[in-house]
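Working notes for the structure below.
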Amino acid sequence: MPDEAQIRDDRDAGAQDEQEREQRYVTMLYERLDGLREYTKARLSAVLLQTGGTPQARSERESFTQMYTEDIAKYDAAENGLCFGRIDLDPDAPDGDALRYIGRVGILDEDHDFETLLLDWRAPLARPFYLATTASPEGVTRRRHIRTRSRRVTGLGDEYLDLAAAERAGVVDGDGGVAGESALLTALNAARTGQMTDIVETIQSEQDAIIRSTHKSVLVVQGGPGTGKTAVALHRAAYLLYTYRQQLAKSGVLIVGPNATFLDYIGQVLPSLGETGVLLSTIGDMYPGVTATQHDSLDTGEVKGSLDMVAVLKQAVRDRQLAPVRPITLPFDTYTVTLDRKIVTRARGRARSSRRPHNLARPIFVATVIEALADQFAATVGANVLGGANLLSRDDVADIRDEMRQDAELMAAIDDLWPMLSPQQVLTDLFQSRDRLASAAPDLDDGQRELLYRHRHEGFSAADAPLLDELAELLGVDDAAERDRAARQWRAQIADAQDALDILTGSAPQDLEDELDPEILMAYDLIDASTLAQRQEMRQRLTAAERAAADRTWTFGHVIVDEAQELSAMAWRMLMRRIPNRWMTLVGDTAQTGDLAGSSSWQSALEPYVANRWKLTELTVNYRTPSEIMAVAQDVLVEIDPAQSVPRSVRDAGNQPWAHRVPDDGVVDEVRRRVADETGPGLVAVLTSEDGVDELRDLHGGAVSVLSVREAKGLEFDVVIIVEPQRIVEASPRGMNDLYVALTRATQRLGVVHARPLPDALSKLVAVH
């Protein structure tokens with residue numbers, strides 16, 4: 001019998017042969033991908049060269065243009081890691097071939113009856129790659145992970161789920177635990193880069209069930225830190241766009257994240273999965289035309305996020321609908337008319353009873369006031385000129401009303417009583433006036449109103465966006481001017497197109513008729529000005545996501561919210577307007593709620609909108625945080641909510657979390673020394689309280705980030721150093737929640753530098769010197 005060394009040599013030779021065979025297959029897949037890309041580019045070019053035709057033909061060209069453009073983006077995105085896996089099926093198992101290759105996009109062999117060369121990871125036939133275990137192999141005898149760099153196969157990882165197959169290969173592997181552990185642990189131990197990567201190679205069973213859930217109302221994914229909530233949410237977006245493409249292509253998918261840093265962190269995940277039709281936004285940036293530039297205190301954010309603000313904003317709008325205390329005398333056509341409280345009160349009552357928003361009810365108010373003033377004027381003229389007999393006809397009175405509408409002084413007086421308003425104007429005026437706040441918010445106490453007061457306007461905060469959105473609903477948008485502007489713009493585009501045609505022909509067509517050979521086609525023979533203008537507009541057509549970003553009234557086909565527990569009651573109102581079908585995926589962890597206006601209960605947040613039509617799922621395995629760190633975090637979680645349990649960590653890092661106490665004046669120097677000692681690959685984060693960030697800001701740069709806990713939410717780092725945990729706890733009534741978040745950002749090592757005593761919950765930290 002061969003000795004063990006000979007067996008190892010044979011296995012190594014066999015492994016090299018296997019890798020070479022996989023390399024040939026992967027190379028062939030890339031060649032097919034290149035062919036698809038070039039073919040699609042050619043089809044796109046051909047479509048763009050087409051002109052004229054019926055409206056239906058133009059619509060079809062637009063659809064093909066969008067489809068081909070999206071396909072090219074999908075092929076480009078699949079370039080990195082095109083094929084990452086293979087499953088070998090039992091020859092007696094149903095459903096097709098003995099081998100299935102799994103990748104980022106599907107590829108068919110058009111030369112051989114459209115044989116499947118590569119399965120899209122979202123396809124139903126690809127599910128066994130993620131779900132098969134030794135206990136439930138689903139017909140899979142072996143699962144192979146194919147590691148690549150650029151277009152080169154760099155390694156293979158095999159798991160045998162059939163004992164007989166494993167014995168034939170001379171190995172025994174797979175214990176029915178976490179699927180793909182070798183590939184998973186390789187990914188988990190890799191150094192962080194500051195950009196989130198996709199998890200299509202290592203999706204686990206409980207994650208896959210959520211990604212592919214068919215629930216058509218609100219799906220809540222509750223999961224502790226490191227359970228992959230964000231990755232699951234993003235891959236669910238990709239799966240839904242793949243499965244329900246026709247439904248979601250036009251309406252789009254909205255993904256809401258907690259902050260801009262987080263959006264930058266996840267921004268490349270969906271494109272790498274081949275999906276580009278998704279809008280990423282924060283709550284603060286969801287109101288078109290307004291970017292959150294100011295930062296509210298926790299207490300101010302709590303007041304702004306409360307449902308009490310609905311009544312405040314309603315009254316703020318009503319306070320702009322004035323009635324004069326004393327009659328207003330206005331000159332008109334050598335006479336005067338009197339605008340008194342009775343006229344205005346009647347007009348205001350008619351406008352309000354229409355139940356239209358403020359700006360849309362304004363024409364009713366104006367018409368009622370003008371009608372009363374015109375009748376008053378007609379009576380005056382009749383009394384003074386016609387000897388008391390009002391002989392003016394109905395047409396005469398109508399003319400008077402028209403003239404009054406053209407009178408600048410008279411209309412200015414009416415505008416003062418019921419002005420056209422914008423949400424930004426109302427909110428700015430409200431917060432800059434203690435008198436307006438007192439009138440609009442009598443149910444708030446003095447301290448709450450003072451939190452809202454701003455002596456000057458310096459921009460809006462994230463918490464202002466839901467308030468602006470609420471005001472937009474209360475005010476309404478009179479789009480008559482916008483429609484008129486669009487019509488003028490279209491006429492100008494046609495005129496520009498005609499000018500372009502005239503330039504191309506050299507002169508107007510009638511001047512050339514007698515000189516040109518009738519067989520020679522000129523530009524105006526092939527296309528007219530209207531068609532040319534439409535073609536130019538089609539080329540400039542925005543994607544669904546781009547159009548949605550600019551349209552406050554846009555409704556999405558699906559909405560995904562990460563860190564959903566942080567949404568205030570007012571933010572929920574704004575979000576629900578974007579998703580009337582209530583098809584949503586919400587991911588979060590109520591134990592990590594840091595915002596005072598956030599949610600501590602999914603039921604209380606969702607019940608006003610969907611009653612009990614929501615489903616709770618849970619992620620229970622921690623893929624990010626090592627068990628040593630979670631042992632420390634568990635004690636903090638007990639203080640937050642003893643009923644909650646920490647997710648099970650899949651790995652040990654071999655690094656015990658430590659704490660180093662220093663004198664009061666030595667904290668900054670010690671943090672600087674600890675950061676300098678972290679010379680390995682990966683990212684380092686220094687996490688501290690909001691008021692402690694500036695003290696350490698000079699450390700920020702390169703692979704080192706200095707962040708508050710709020711800024712770090714949703715992110716992960718190789719090494720985390722927490723500075724003064726007690727300050728983090730004392731900074732907020734939910735300080736323990738913030739500490740829990742800070743403790744669970746690290747993937748490898750955790751340390752604490754402090755001068756003040758540690759919270760009792762951190763007793764498991766090892767003291768070092």
Side-chain angles (χ1 to χ4, degrees), residues 258-260 281-322 357-359 362 412 415-478 481-482 549-553 567-571 573-575 577 595-597 690-691 693-694 708 710-711:
N259 51 54
S281 180
T282 64
I283 286 293
D285 294 332
M286 201 178 294
Y287 189 86
V290 173
T291 299
T293 58
Q294 300 301 302
H295 181 69
D296 286 326
S297 68
L298 288 173
D299 291 334
T300 301
E302 183 180 20
V303 177
K304 290 182 177 181
S306 167
L307 286 179
D308 293 339
M309 291 302 297
V310 175
V312 172
L313 297 176
K314 284 181 178 178
Q315 188 57 49
V317 172
R318 291 176 70 90
D319 285 347
R320 306 301 288 264
Q321 300 165 358
L322 304 176
H358 172 90
N359 289 334
R362 183 179 178 277
D415 288 343
D416 288 341
L417 300 173
W418 193 296
M420 183 72 73
L421 298 171
S422 71
Q424 293 92 320
Q425 176 186 358
V426 173
L427 196 64
T428 299
D429 291 348
L430 175 66
F431 288 167
Q432 282 188 273
S433 169
R434 288 190 173 92
D435 290 339
R436 289 188 187 277
L437 283 168
S439 175
D443 293 334
L444 299 184
D445 61 38
D446 292 343
Q448 290 173 316
R449 287 194 293 270
E450 196 60 28
L451 286 170
L452 296 177
Y453 174 71
R454 296 288 180 272
H455 68 280
R456 67 173 180 271
H457 178 67
E458 297 178 334
F460 294 104
S461 69
D464 289 331
L467 306 185
L468 293 169
D469 200 69
E470 191 76 27
L471 282 168
E473 293 290 308
L474 295 170
L475 295 173
V477 177
D478 184 353
E482 177 62 23
D551 184 355
R552 191 194 71 83
T553 62
L567 265 59
S568 69
M570 291 301 294
R573 285 175 66 88
M574 176 172 67
L575 192 65
R577 295 187 187 107
D595 199 307
L596 299 185
E690 298 270 355
D691 59 357
V693 171
D694 288 342
S708 68
R710 179 185 296 190
E711 293 170 326

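Starting from 1, each residue takes its place in the sequence as its number.
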Quick check: does any side chain N or O of [X] sit under 3.5 Å from a backbone N or O of [Y], one acting as donor and the other as acceptor?
{"X": "Asn359", "Y": "Leu421", "result": "yes"}
{"X": "Ser433", "Y": "Asp429", "result": "no"}
{"X": "Glu458", "Y": "Gln294", "result": "no"}

Working to the nearest 0.5 Å, report the span between [atom1] of [X] and [atom2] of [Y].
{"X": "Leu596", "Y": "Ser306", "atom1": "CG", "atom2": "OG", "result": "12.0 Å"}
{"X": "Asp416", "Y": "Arg320", "atom1": "CG", "atom2": "CZ", "result": "10.5 Å"}
{"X": "Leu451", "Y": "Leu298", "atom1": "CG", "atom2": "CG", "result": "11.0 Å"}

Closest heavy-atom contact between [X] and [Y]?
{"X": "Ala462", "Y": "Ala292", "result": "N-CB, 3.5 Å"}
{"X": "Gly284", "Y": "Ala465", "result": "O-CB, 3.8 Å"}
{"X": "His358", "Y": "Pro419", "result": "NE2-O, 2.6 Å"}
{"X": "Gly476", "Y": "Pro357", "result": "N-CB, 3.4 Å"}
{"X": "Ala597", "Y": "Gly305", "result": "CB-CA, 4.2 Å"}
{"X": "Leu471", "Y": "Val317", "result": "CD2-CG2, 3.7 Å"}

Subject >> Candidate list Leu467, Leu427, Val303, test side-chain contact (heavy atoms from CB on, under 4.5 Å), partner Leu452, passing option >> reply: Val303
Sequence neighbours excluded, which residues qualify as side-chain contact (heavy atoms from CB on, under 4.5 Å) partners of [X]?
{"X": "Ser708", "value": "Glu690, Val693, Arg710, Glu711"}
{"X": "Pro466", "value": "Ile283, Met570, Ala571, Met574"}
{"X": "Asn259", "value": "Thr261, Phe262"}
{"X": "Ala440", "value": "Val312, Gln315, Ala316, Asp319, Leu430"}

When you compare the side chain of [Y] with that of [X], does any pair of heavy atoms fall below 4.5 Å?
{"X": "Arg552", "Y": "Val477", "value": "no"}
{"X": "Arg449", "Y": "Asp446", "value": "yes"}
{"X": "Ser422", "Y": "Leu475", "value": "no"}
{"X": "Met286", "Y": "Leu468", "value": "no"}

Subject >> salt bridge (charged side-chain N to carboxylate O under 4.0 Å, His left out) partners of residues 434-445, not counting sequence neighbours, each pair once >> reply: Arg434-Glu450
Salt bridge check: are [X] and [Y] linked by an N-O gap of less than 4.0 Å?
{"X": "Glu302", "Y": "Lys304", "result": "no"}
{"X": "Glu473", "Y": "Lys314", "result": "no"}
{"X": "Asp296", "Y": "Arg454", "result": "yes"}

**OP:** Can you run down the ring pair (Phe, Tyr, Trp, His ring centres under 6.0 Å) pairs that involve residues 427-473, sequence neighbours left out, and say none if there aren't any?
**Re:** His457-Phe460
